*Asks:* 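Questions regarding the structure given below will be posed in turn.
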2 protein chains.
Amino acid sequence: MKSLHDTPGEQSPAGHALDRMFELAETLGALMERGMAERGVSRARAGLLWALSHGGPMTQRALATRLGVTPRNVTGLLDALEGDGLVRREPHPTDRRALLVSLTGRGRSLTAALRSGRDEMAAGLFTGMPREQVAAFTAGLELVIERLRAAAPPGC
Amino acid sequence: MKSLHDTPGEQSPAGHALDRMFELAETLGALMERGMAERGVSRARAGLLWALSHGGPMTQRALATRLGVTPRNVTGLLDALEGDGLVRREPHPTDRRALLVSLTGRGRSLTAALRSGRDEMAAGLFTGMPREQVAAFTAGLELVIERLRAAAPPGC
DNA sequence: CTACACAGTGAAGTCACTTCACGATACCCC
DNA sequence: GGGGTATCGTGAAGTGACTTCACTGTGTAG
């Protein structure tokens, strides 16, 4: 996708910074999507795998809340993931209504690959950048994120 | 949507920064989407309006290339936008195959509203942040974006 | 035991997006 | 002028991610 936000002309430093942030968001998202597509997972599916990889085996409802989507949606995503042999649904040991979702071996190795890809990318992105500049950049990021969160009160 | 990338534990500064960038991308995207939804446009539709607002009246194919999507997709999006009275399709003055798309009055005022919302947000995001820190942050952003682009060669 | 809350899923629909095929037009070369 | 070919927009059909609503089966509190 093209830049979509390449505002030309003069604007305030803040406006310019915001534009750059949008640009970052798009570029980063696109690149990420590409990397995942190469490994055969979409963004939504990868989100599920990621959540499982971080939170361990979990109920479908837990996944839904964690991802901020409908339980029904999780069902569908899991159907696909299970079909690909990346994920396994087992009966919950104590609650017979629920299913416990966990990564299979293939699922685990895929998430590991994704993670290492991410690390590699992180390394490449900041090489040669002075340590303190990275720190300053990150600090700025965190401040901005914090303020953004403050502006987005709901269940985000 | 929840964070999705809240990697806990120790990691390199670069890895941490990357995580923050993902967080930014998501939070920013979500907030943006919310703001647009309040005004009754989706992200894709807003992209079209934005392009028109920047580039002036344009052919549908031009819009498609500019947005990086299929011409067919633009047709559909425009059908909706036209139905909402935000956009107008007129015969191209010299090329009878093509249509010239332009914003209607309502379309212009909507994009103006979106733009002012964006500016307001930009202002709120960086208030109280020392001017030079904003500059440093933006510089970091630009460097990162440049490197990202270098890693994503195709028609992006 | 009853009433109610909660887990997962079928059915149906929306939205953004794609590919393929097609009719209408523009353009270029002989 | 006439024929070949590229281009503009769009119908048809399909995908993936998402939603809401209705429903079954199960836990749980009174």
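Letters A, B, ... mirror the listed sequences (proteins, then strands); counts begin at 1. Keep in mind it's a predicted model, so treat the numbers as computed, not measured.
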*Asks:* Quick one: is B:T59 getting a side-chain N or O under 4.0 Å of the D:dC8 phosphate, OP1 or OP2?
*Replies:*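 So the side chain of B:T59 is outside the cut-off, no N or O lying under 4.0 Å from OP1 or OP2 of D:dC8.
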
*Asks:* Quick one: B:E90 CD to D:dG9 C1', roughly how many Å, whole number?
*Replies:*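 From B:E90 CD to D:dG9 C1': 16 Å.
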
*Asks:* Would you indicate what A:N73 reaches in the nucleic acid, counting non-hydrogen atoms under 4.0 angstrom: base, sugar-phosphate, or nothing?
*Replies:*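 Touches a base.
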
*Asks:* B:T75 side chain N/O closer than 4.0 Å to the phosphate oxygens (OP1, OP2) of D:dT10?
*Replies:*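 For D:dT10, OP1/OP2 do have a side-chain N/O of B:T75 under 4.0 Å.
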
*Asks:* What is the distance from CD of A:E33 to P of D:dT15, rounded to the nearest Å?
*Replies:*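 Computing the A:E33:CD to D:dT15:P distance gives 19 Å.
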
*Asks:* Would you mind reading off the distance between A:L48 atom CG and D:dG16 atom P, rounded to a whole angstrom?
*Replies:*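 Distance check: A:L48 CG to D:dG16 P gives 15 Å.
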
*Asks:* Grab the CG-C1' distance between B:L63 and C:dC17 for me, whole Å please.
*Replies:*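 After rounding, the gap between these two atoms is 16 Å.
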
*Asks:* Indicate yes or no: does A:R149 engage A:E142 in a salt bridge with an N to O separation below 4.0 Å.
*Replies:*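 Salt bridge flag = no for A:E142 with A:R149.
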
*Asks:* Please determine whether a side-chain nitrogen or oxygen atom of A:R43 lies at a distance below 4.0 Å from atom OP1 or OP2 of D:dA17.
*Replies:*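 For D:dA17, neither OP1 nor OP2 has a side-chain N or O of A:R43 closer than 4.0 Å.
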
*Asks:* Test for a donor-acceptor pair under 3.5 Å between the base of D:dC8 and the side chain of B:R61, counting only N and O atoms.
*Replies:*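 Between D:dC8 and B:R61, which were checked side chain against base, a qualifying N/O pair under 3.5 Å is absent.
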
*Asks:* Would you indicate which nucleotide in C:dG8, C:dT19, D:dA17 comes nearest to any side-chain atom of B:T70?
*Replies:*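 The nucleotide sitting nearest to the side chain is C:dT19.
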
*Asks:* Measure NE2/B:H92 against P/C:dC27 and give the value in whole Å, please.
*Replies:*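 Going from NE2 in B:H92 over to P in C:dC27 covers 10 Å.
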
*Asks:* In whole Å, what is the span from the CZ atom of B:R97 to the C1' atom of D:dC8?
*Replies:*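 For the pair B:R97 CZ and D:dC8 C1', the rounded distance is 6 Å.
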
*Asks:* Apply side-chain contact (heavy atoms from CB on, under 4.5 Å) to B:L28 and B:M121, showing your working.
*Replies:* CA-CA 11 Å; B:L28 194 55; B:M121 177 171 153; 3.3 Å; yes

*Asks:* Please report, rounded to the nearest Å, how far the C1' atom of D:dG9 is from the CG atom of B:D79.
*Replies:*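 The distance from CG of B:D79 to C1' of D:dG9 comes to 11 Å, rounded to the nearest Å.
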
*Asks:* If the test is side chain to side chain contact (heavy atoms under 4.5 Å, CB included), which one of B:L81, B:V87, B:V41, B:V69 qualifies with B:L48?
*Replies:*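 Of all the options given, the one that passes is B:L81.
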
*Asks:* Take the angle between the ring planes of B:F137 and A:F137 and call it parallel below 30°, perpendicular above 60°, tilted in between.
*Replies:*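 Correct class here is parallel.
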
*Asks:* Do A:D95 side-chain atoms and A:R97 backbone N/O form a donor-acceptor pair below 3.5 Å?
*Replies:*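 It does hold such a pair.
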
*Asks:* Are OP1 or OP2 of D:dT10 and a side-chain N or O of B:Q60 less than 4.0 angstrom apart?
*Replies:*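 Yes, within the criterion.
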
*Asks:* With a 4.0 Å cut-off on heavy atoms, is A:S42 in touch with a base, just the backbone sugar-phosphate, or nothing at all?
*Replies:*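 Touches sugar-phosphate only.
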
*Asks:* Between the base of D:dG11 and the side chain of B:R72, is there any donor-acceptor pair under 3.5 Å?
*Replies:*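 Indeed there is one.
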
*Asks:* Within this structure, what is the CG-to-C1' distance between B:L100 and D:dC8, rounded to whole angstrom?
*Replies:*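 Between C1' of D:dC8 and CG of B:L100: 13 Å.
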
*Asks:* Measure from the side chain of A:A98, starting at C-beta and using heavy atoms only, and say which of C:dA7, D:dG9, D:dT26 lies closest.
*Replies:*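 Of the options given, the side chain of A:A98 lies nearest C:dA7.
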
*Asks:* Quick check on DNA chain D: between A:L77 and B:A62, whose nearest nucleotide comes earlier from the 5' end?
*Replies:*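 Nearest-nucleotide comparison on DNA chain D picks B:A62.
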
